[in-house]
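Since this is a predicted model, take the numbers as computed values, not measurements.
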Amino acid sequence: MPTYEYECPRCGRMFELFTSMLDEKEKRCPKCRGIGKKLPGSGAGFIFKGSGFYSTDYRSEKYHKEKEKEKGPLKETKSEKKKKLDK
């Protein structure tokens with residue numbers, strides 16, 4: 001449920017209420033009990049950070065296996081080739 005901001009026309013106090021969008025009851029000022037006027041909201045501002053928010057993070061195992069196949073075998077380094085020859 002979202003938080004809504006209200007302003008009391010009687011005393012001028014601004015207050016917030018955590019209510020349902022479907023709730024149509026009058027909202028009373030906690031100070032003077034006047035009927036609050038709903039203020040326009042600024043919307044929710046949030047930022048995705050970290051892993052788990054990109055389409056590549058949710059790819060299936062099949063997708064990842066196919067990508068590995070496309071890359072082909074990794075090239076051996078000189079030291080790896082030398083180790084094989086020494087055996």
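For the pair Lys38 and Tyr4, the distance from NZ or CZ to the six-membered ring centre is under 6.0 Å and the angle to the ring normal is within 45 degrees.
Met14 has its side chain out of reach of Cys8: every pair of non-hydrogen atoms, C-beta onward, lies at least 4.5 Å apart.
Nearest heavy atom pair, residue Cys11 against residue Cys29, reads SG-SG, 3.7 Å.
Between Cys32 atom SG and Arg10 atom CZ the span is 5.0 Å, to the nearest 0.5 Å. To the nearest 0.5 Å, atom CD of residue Glu5 and atom CD of residue Glu16 are 5.0 Å apart. With rounding to the nearest 0.5 Å, the separation of CZ in Arg28 from CD in Glu26 is 5.5 Å. Put simply, CZ on Phe15 and NZ on Lys27 are 9.5 Å apart, with the number rounded to the nearest 0.5 Å. Distance check: Ile35 CD1 to Tyr6 OH gives 12.0 Å after rounding to the nearest 0.5 Å.
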